[in-house]
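Following: one structure in structure tokens, then a few remarks.
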Amino acid sequence: MRAAAIDRFGGPKELKLHTVPVPALKPNEVLIAVHTSGVAGWDAEMRGGWSPTGRRPRFPWILGTDGSGTIVAKGARVRRFRVGDQVYASNFEHTGFYAQFVAVRASATAKIPSSLDLKRAGAIPITGITALDGIDRVLKVRVGQSIVIHGATGGVGSMALQFAKFRGARVLATATGHDGMSLARRLGADDVVDGNSHDLTLAARAFAPDGLDAILATAGGHPLEALIKALPRGGKVAYPNGIEPKPRKRHGITIVGYDGEFDSDQLTRLARVMNASGAKVHIGAAFALADAAAAHRRLAKGHVLGKLVLRIR
Ligand SMILES: NC(=O)c1ccc[n+]([C@@H]2O[C@H](COP(=O)([O-])OP(=O)(O)OC[C@H]3O[C@@H](n4cnc5c(N)ncnc54)[C@H](OP(=O)(O)O)[C@@H]3O)[C@@H](O)[C@H]2O)c1
């Protein structure tokens with residue numbers, strides 16, 4: 001099969017098309033003919049030498065931690081799927097979605113939301129779960145609350161904004177550029193502020209004169225610190241681990257770093273919420289498998305609206 005893989009750590013040019021064997025299937029795995037693979041910031045970190053497990057990978061290393069496709073074979077112990085099922089999955093431990101086929105544990109796989117096609121479903125296993133976990137599990141967003149989604153047009157933020165609206169919150173989105181601010185409005189934000197403006201504290205206070213309830217942050221730094229200043233005592237901040245720098249501790253404010261729980265149950269929950277909410281998946285750009293290096297160069301430029309993907313079939 002064809003796969004985009006690296007033979008050593010380095011820049012985007014290390015990502016090259018390889019011909020490699022189709023992965024062997026373990027009893028608890030499904031073999032997916034990949035339709036779409038997500039391209040994310042952590043893929044670039046892996047390409048540069050970071051390992052999510054701490055173990056050194058074997059080269060050639062096929063990147064890609066999530067995606068969608070069709071099951072073409074299953075291990076002897078897999079009961080819940082059939083060959084032909086359209087699924088989405090995440091595979092942080094073994095990566096491998098930048099390829100025509102990937103073997104994934106059935107316990108990290110679920111049927112795609114019926115409201116999405118394979119292309120859009122392939123963009124959200126990790127960002128969608130992370131967004132939903134932030135809104136539901138960590139912040140427990142409720143009807144009528146006032147929430148800031150900081151970084152509302154990225155992979156996680158564009159989904160978190162829509163999930164917060166679905167839970168009945170009023171949402172102030174931060175975004176950058178006219179295009180970013182316009183996308184945040186289209187995704188349903190009640191108000192949008194330029195995340196690089198100097199008066200973020202004032203803007204957040206003006207949005208919620210009776211007090212903000214919480215912030216979901218997908219980026220760190222001064223703008224986030226300015227937003228946190230607007231929270232009253234008892235306010236909450238949630239951020240997915242990985243944002244830099246991490247927010248500083250503040251008296252009277254609960255600040256929680258969390259990891260998404262990437263498994264079949266959470267993917268099934270995400271599918272339910274996608275179907276019920278009609279949330280949209282914004283694809284910033286799609287690249288061919290052979291252009292994986294170009295996708296990584298695009299990622300490095302920044303200001304991606306929504307999500308980058310590789311279109312493999
Ligand atoms: N631990 C976990 O389970 C987990 C899972 C998923 C993600 N993460 C982490 O979560 C973070 C977000 O991931 P992602 O995939 O959503 O990344 P992303 O697509 O790059 O999103 C980050 C967003 O923050 C925006 N941003 C940065 N500074 C801003 C500012 N001052 N005002 C407004 N927006 C601003 C960026 O917008 P522009 O570039 O357009 O300005 C971008 O859209 C990353 O650090 C990732 O590693 C962790």
Side-chain angles (χ1 to χ4, degrees), residues 38 66 68 88 90 110-175 180-193 195 204 207-208 210-219 227 231 235-240 254 256 258-284 305-307 309:
D66 65 353
S68 65
Y88 63 160
S90 69
K111 294 203 180 140
I112 63 170
S114 55
S115 60
L116 298 183
D117 55 18
L118 278 170
K119 178 178 175 186
R120 288 179 175 75
I124 58 162
I126 289 181
T127 52
I129 286 179
T130 306
L132 196 56
D133 268 353
I135 296 299
D136 282 356
R137 179 170 61 85
V138 185
L139 293 178
K140 301 182 173 55
V141 171
R142 296 188 307 276
V143 175
Q145 287 190 323
S146 295
I147 307 290
V148 175
I149 306 294
H150 177 50
T153 60
V156 176
S158 59
M159 302 313 299
L161 160 50
Q162 298 179 82
F163 296 150
K165 286 304 302 171
F166 182 58
R167 294 300 182 216
R170 291 179 65 241
V171 174
L172 172 64
T174 73
M181 293 178 69
S182 156
L183 175 62
R185 277 193 202 94
R186 292 203 303 282
L187 294 175
D190 294 280
D191 205 351
V192 184
V193 59
F207 177 74
D210 296 334
L212 273 181
D213 293 287
I215 298 171
L216 181 71
T218 71
L227 289 166
L231 277 175
K236 273 186 171 180
V237 181
Y239 66 91
T254 306
V256 183
Y258 71 97
D259 293 317
E261 293 176 355
F262 308 112
D263 61 26
S264 199
D265 289 348
Q266 300 310 314
L267 283 167
T268 301
R269 188 169 72 100
L270 174 65
R272 257 198 319 267
V273 172
M274 290 304 295
N275 291 339
S277 65
K280 303 269 184 291
V281 178
H282 191 84
I283 307 278
L305 297 183
K307 181 85 186 177
V309 296

Worksheet item: Atom CZ of F207 and atom CG of L172: how far apart are they, to the nearest 0.5 Å?
Response: 5.0 Å
Worksheet item: What closest approach, in Å, do V192 and A189 show between heavy atoms, and which atom pair accounts for it?
Response: CG2-CB, 3.9 Å
Item to complete: Determine yes or no for a side-chain-to-main-chain donor-acceptor pair under 3.5 angstrom, with Y88 supplying the side chain and L118 the backbone.
Response: no
Worksheet item: Which heavy atom in A164 sits nearest to a heavy atom in V171, and how many Å separate them?
Response: CB-CG2, 3.7 Å
Worksheet entry | R142 atom CZ: more than 12 heavy-atom contacts under 6.0 Å | no
Worksheet item: Is there a donor-acceptor pair closer than 3.5 Å between any side-chain N or O of D213 and the backbone N or O of Q145?
Response: no
Fill in: For the student: nearest non-hydrogen atoms of M159 and A279, plus distance
CE-CB, 4.4 Å
Worksheet item: Roughly how far apart are L267 CG and I124 CD1, rounded to 0.5 Å?
Response: 8.5 Å
Worksheet item: So, T218 side chain and H150 main chain: donor-acceptor pair closer than 3.5 Å or not?
Response: yes
Worksheet entry | V141 vs F166 side-chain heavy atoms within contact, under 4.5 Å | no
Practice prompt. Look only at the side chain of Q162 and the backbone of K280, and say whether a donor-acceptor pair between them is shorter than 3.5 Å.
Written response: yes
Worksheet item: Between S158 and G306, what is the shortest heavy-atom contact and its length?
Response: OG-CA, 4.3 Å
Discussion item. Distance alone, cut at 3.5 Å: any donor-acceptor contact between the side chains of R186 and S182?
Written reply: yes
Item to complete: State, with a plain yes or no, whether a side-chain heavy atom of D136 is found less than 4.5 Å away from one of R167.
Response: yes
Discussion item. Less than 3.5 Å apart, any donor N or O on the side chain of N275 or S115 sitting next to an acceptor on the other?
Written reply: yes
Practice prompt. For residues T127 and T130, determine if any side-chain heavy atom of one lies less than 4.5 Å from a side-chain heavy atom of the other.
Written response: no
Discussion item. For a quick test of reading the model, state the closest non-hydrogen atom pair linking A152 to A173 and the distance between them.
Written reply: CB-CB, 3.6 Å
Response to the item:
Rounded to the nearest 0.5 Å, the CD1 atom of I283 sits from the CG atom of L305 at a distance of 12.0 Å
Fill in: Whether K236 side chain and V138 backbone form a donor-acceptor pair below 3.5 Å
yes
Discussion item. Using 0.5 Å steps for rounding, measure from the CG atom of L139 to the CD1 atom of I149.
Written reply: 7.5 Å
Fill in: L270 CG to F163 CZ distance, which is reported to the nearest 0.5 Å
5.0 Å
Worksheet item: Is the closest basic N to carboxylate O distance between K165 and D190 below 4.0 Å?
Response: yes
Worksheet item: For the atom pair CD1 (I129) and CZ (R137), what is the distance rounded to the nearest 0.5 Å?
Response: 10.5 Å
Fill in: Main-chain N/O of G151 paired to T174 side chain as donor or acceptor, under 3.5 Å
yes
Discussion item. Taking R269 first and then D133, would you say they form a salt bridge - that is, a charged N and a carboxylate O separated by under 4.0 Å?
Written reply: yes
Worksheet item: Which pair of heavy atoms, one from P125 and one from S90, lies closest together, and at what distance?
Response: CB-CB, 4.4 Å
